[in-house]
Amino acid sequence: MLFGAFVFIAGLFFSPFLQTIGMAIFGLNSLRNLGKVNIVENLKSQPQIILCIISLIVSILSMFYVDDFKLYGQKIVVKIPFIAFPLAMGFYESISRKNINLIFGCFILCSTLCGAISFGNYLLHFTEINASIHESKPIPILYSKLNHIYFGVMLAFSFILNIYMLFINKERADYGRPFLKIMLWICLLLQFIFLHSIVSRTGIAGFYMTGLIVIIAYSIQNRRFLLPALSLVLLAALLIVGTIRYVPSWERRVENTKKDLQALGNPAEMNNQSISMRYEALQIAMVVLKKNLPWGVGEGDLVKEMRAQYDLSHSRMLEENKSLPHNQFVQEICTTGIMGLFCLSAIFVYPFFRRELRSNFLLIFCIILTGIACMAESVLERQVGINFFFFFYAILSVRLDRSKVLSAQIFSNNR
């Protein structure tokens, strides 16, 4: 399993092929463990697995009313991680704390390496890339081989994992040697720089919004942390202001955002403006939704239906700018209807109703961060987004629920 995790994590940043290989290794290991566990009891005790299975089934059943079966098949294959990781993790009898720490460490290392390569490329093409930001172009990640929004989400989560490893994890003996600690500190510093220089607006906004929500929530739960929490909120505000004021890429992003917002509602200027195009896509998606409730258009048909609606609405968007809604929840209800939206929302919300799960701030941070990103991008429509979310959703919730790999009382133990 550990080897599969390393291959999979490397694939998240560097190669879709490695992601597939890592998933295959997980699958083979879970099959090997099938005979050792009571499958029915596992499913009963872990409703999050059932929610994931139902969500995939809803997508599969849309085959009865779709037209584009080729795209339908591609979408279903991409959604296999909805059940692959929760089931695989659920069928392991135990995952040692040492292995969990190694998985976290591998993710931190890969995200830092990916950021370093991208940051180096940014510095080498400093003038050209900063100029392109004015035209709503992102800073390329791995020479544009990795989507900038997905990278921002994964780097933000990696930064929090790093903080957990250095300051919160009670099992630090696994990496207590000075060299490994120094490496974690170096990664933390580099990730901080990358977060405030090359990460997209969605990534940095998700990072700070999620951080503030988690800090405030746990401060209310544990009153002794209220003053430190307020200090962290003030520090975050200063960092945001400083970043906008002194980091060249963010100065240009702010200027571009102002220009983008001014184009809202002006059809002649909305083309090639990120926020304006998203707004137009959401409006078109709402029209498609009204026509196709309660079941949606089905997996594979949303592209066709939305392009047709762009034409019917006499949209002035150029052909290359006629995109799908950049919102996972809107895209889900347009595709699989009310039932699909309910299942997806339940996957995100369920851990908040289970005490031992909502007490794990890593899981909660992952869910809120991904949820915020889903409001600005259809994160779960691509392989890397689905794989990232469901891998950590499974390892932090399913395994925590059964073997208490991570302490469920990270904060409350300090009362």
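Computed from a predicted model, the values in this text were never measured in an experiment.
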Problem - Parallel, tilted or perpendicular: ring planes of F389 versus F348, cut at 30 and 60 degrees - result: parallel
Problem - Lys/Arg N to Asp/Glu carboxylate O, D68 vs K304, below 4.0 Å - result: no
Practice task
Quick one: closest heavy-atom pair of M306 and A285, and the distance?
Solution key: CE-N, 3.9 Å
Fill in the blank from the handout: side-chain contact (heavy atoms from CB on, under 4.5 Å) test vs F151 passes for just one of I139, I198, L12, namely I198
Fill in the blank from the handout: In terms of heavy-atom contacts, G296 and Y65 come closest through O-CE1, 3.3 Å
Handout entry: Test of ring centre spacing under 6.0 Å for F365 and F361
Key = no
Exercise for the section: Could I get the full list of side chain to side chain contact (heavy atoms under 4.5 Å, CB included) partners for N321, not counting sequence neighbours? Expected result: N271, N272, M277, M317, L318
Problem - Step-by-step side chain to side chain contact (heavy atoms under 4.5 Å, CB included) determination, N327 to E377 - result: CA-CA 5 Å; N327 185 302; E377 183 70 22; over 6 Å; no
Problem - Contact check, side chains of P16 and V384, non-hydrogen atoms, under 4.5 Å - result: no
Handout entry: Heavy-atom donor-acceptor pair, T370 side chain to C366 backbone, under 3.5 Å
Key = yes
Practice task
Look at the side chain of S118 and the backbone N and O of C114, then say whether any donor-acceptor pair between them is shorter than 3.5 Å.
Solution key: yes
Handout entry: Residues forming a side chain to side chain contact (heavy atoms under 4.5 Å, CB included) with N147, sequence neighbours excluded
Key = I149, Y150, R382
Practice task
Heavy atoms only: give me the nearest L363-P351 pair and the separation to one decimal.
Solution key: CD2-CB, 4.0 Å
Problem - Side-chain ion pair, R316 and E280, N-O less than 4.0 Å - result: no
Exercise for the section: Take W250 and I204 through the side chain to side chain contact (heavy atoms under 4.5 Å, CB included) test and state the conclusion after the steps. Expected result: CA-CA 11 Å; W250 276 97; I204 196 69; 3.0 Å; yes
Problem - Exceeds 12 heavy-atom contacts within 6.0 angstrom, atom CE of M286 - result: yes
Exercise for the section: Tell me, with the steps shown, if N130 and S249 meet side chain to side chain contact (heavy atoms under 4.5 Å, CB included). Expected result: CA-CA 6 Å; N130 280 333; S249 60; 3.8 Å; yes
Handout entry: Side-chain heavy atoms of S397 within contact of Y350, under 4.5 Å
Key = no
Handout entry: Heavy atoms of other groups near K322 NZ, more than 12 under 6.0 Å
Key = yes
Exercise for the section: Applying side-chain hydrogen bond (donor to acceptor under 3.5 Å, both in side chains), run through S378 and Q328 and close with a yes or a no. Expected result: CA-CA 4 Å; S378 297; Q328 182 64 54; 4.6 Å; no
Practice task
Would you tell me whether T335 and Q331 have side-chain atoms, one donor and one acceptor, within less than 3.5 Å of each other?
Solution key: no
Exercise for the section: Give me the ring orientation class for F69 and Y72: parallel if the planes are under 30° apart, tilted from 30 to 60°, perpendicular past 60°. Expected result: perpendicular
Handout entry: Any side-chain heavy-atom pair of P138 and S200 under 4.5 Å
Key = no
Practice task
Determine yes or no for a side-chain-to-main-chain donor-acceptor pair under 3.5 angstrom, with Y310 supplying the side chain and S323 the backbone.
Solution key: yes
Handout entry: Ion pair check, K291 and E305, cut-off under 4.0 Å
Key = no
Problem - Under-4.0 Å salt bridge between K258 and E255 - result: no
Problem - More than 12 heavy atoms from other groups under 6.0 Å of OH on Y279 - result: no
Practice task
State, yes or no, whether a side-chain contact exists between N99 and L102 at a heavy-atom distance under 4.5 Å.
Solution key: yes
Practice task
Would you check if the side chain of Q19 reaches a backbone N or O of G11 as a donor-acceptor pair within less than 3.5 Å?
Solution key: yes
Handout entry: Distance-only donor-acceptor check, side chains R253 and T257, under 3.5 Å
Key = no
Practice task
Just say parallel, tilted or perpendicular for the rings of F104 and Y164, cut-offs at 30° and 60°.
Solution key: perpendicular
Handout entry: ring-ring contact (aromatic ring centres under 6.0 Å, His included) evaluation trace for Y246 with H196
Key = CA-CA 10 Å; Y246 296 107; H196 295 83; over 10 Å; no
Exercise for the section: Report the distance from atom OG1 of T336 to atom CG of L341, rounding to the nearest 0.5 Å. Expected result: 7.5 Å
Handout entry: F207 backbone acceptor or donor facing T210 side chain under 3.5 Å
Key = no
Handout entry: Side-chain touch I76/S59, heavy atoms, less than 4.5 angstrom
Key = yes
Handout entry: Where L396 and N360 come nearest, the two heavy atoms and their spacing
Key = O-ND2, 3.8 Å
Completion exercise
Output for pair (F85 CZ, I386 CD1), nearest 0.5 Å, gives 10.5 Å
Problem - E332/K79 ion pair, N-O < 4.0 Å - result: yes
Exercise for the section: Could you tell me whether the side chain of I275 reaches within less than 4.5 Å of the side chain of R201, counting heavy atoms only? Expected result: yes
Exercise for the section: Look only at the side chain of D301 and the backbone of D67, and say whether a donor-acceptor pair between them is shorter than 3.5 Å. Expected result: yes
Practice task
Using the side-chain contact (heavy atoms from CB on, under 4.5 Å) rule, pick out the option among F8, F391, F388, F6 that qualifies with F107.
Solution key: F388
Exercise for the section: Could you check if a side-chain atom of P81 sits within less than 4.5 angstrom of a side-chain atom of M23, using non-hydrogen atoms only? Expected result: yes
Practice task
Mind running ring-ring contact (aromatic ring centres under 6.0 Å, His included) on F192 and W185 for me, showing each step along the way?
Solution key: CA-CA 11 Å; F192 180 83; W185 274 105; over 10 Å; no
Practice task
Spell out, as yes or no, whether a donor-acceptor pair under 3.5 Å connects the side chain of S55 to the backbone of L344.
Solution key: no
Handout entry: Derivation of the side chain to side chain contact (heavy atoms under 4.5 Å, CB included) call for C343 and L51
Key = CA-CA 6 Å; C343 291; L51 288 171; 5.8 Å; no
Exercise for the section: Describe, in one word, how the ring planes of F390 and F82 are oriented to each other, choosing from parallel (under 30°), tilted (30 to 60°) and perpendicular (over 60°). Expected result: tilted
Practice task
Please examine the side chains of I49 and I83, heavy atoms only from C-beta on, and report whether any two atoms are closer than 4.5 Å.
Solution key: no
Handout entry: Check: E299/S62 side-chain N/O donor and acceptor closer than 3.5 Å
Key = no
Problem - Exceeds 12 heavy-atom contacts within 6.0 angstrom, atom NZ of K145 - result: no
Practice task
Determine yes or no for a side-chain-to-main-chain donor-acceptor pair under 3.5 angstrom, with T202 supplying the side chain and A373 the backbone.
Solution key: no
Problem - Reported OG-to-CG distance for the pair S111 and N162, which is rounded to 0.5 angstrom - result: 8.0 Å
Exercise for the section: Give a yes or no on whether the backbone of R252 and the side-chain of N256 come within a donor-acceptor separation of less than 3.5 Å. Expected result: no
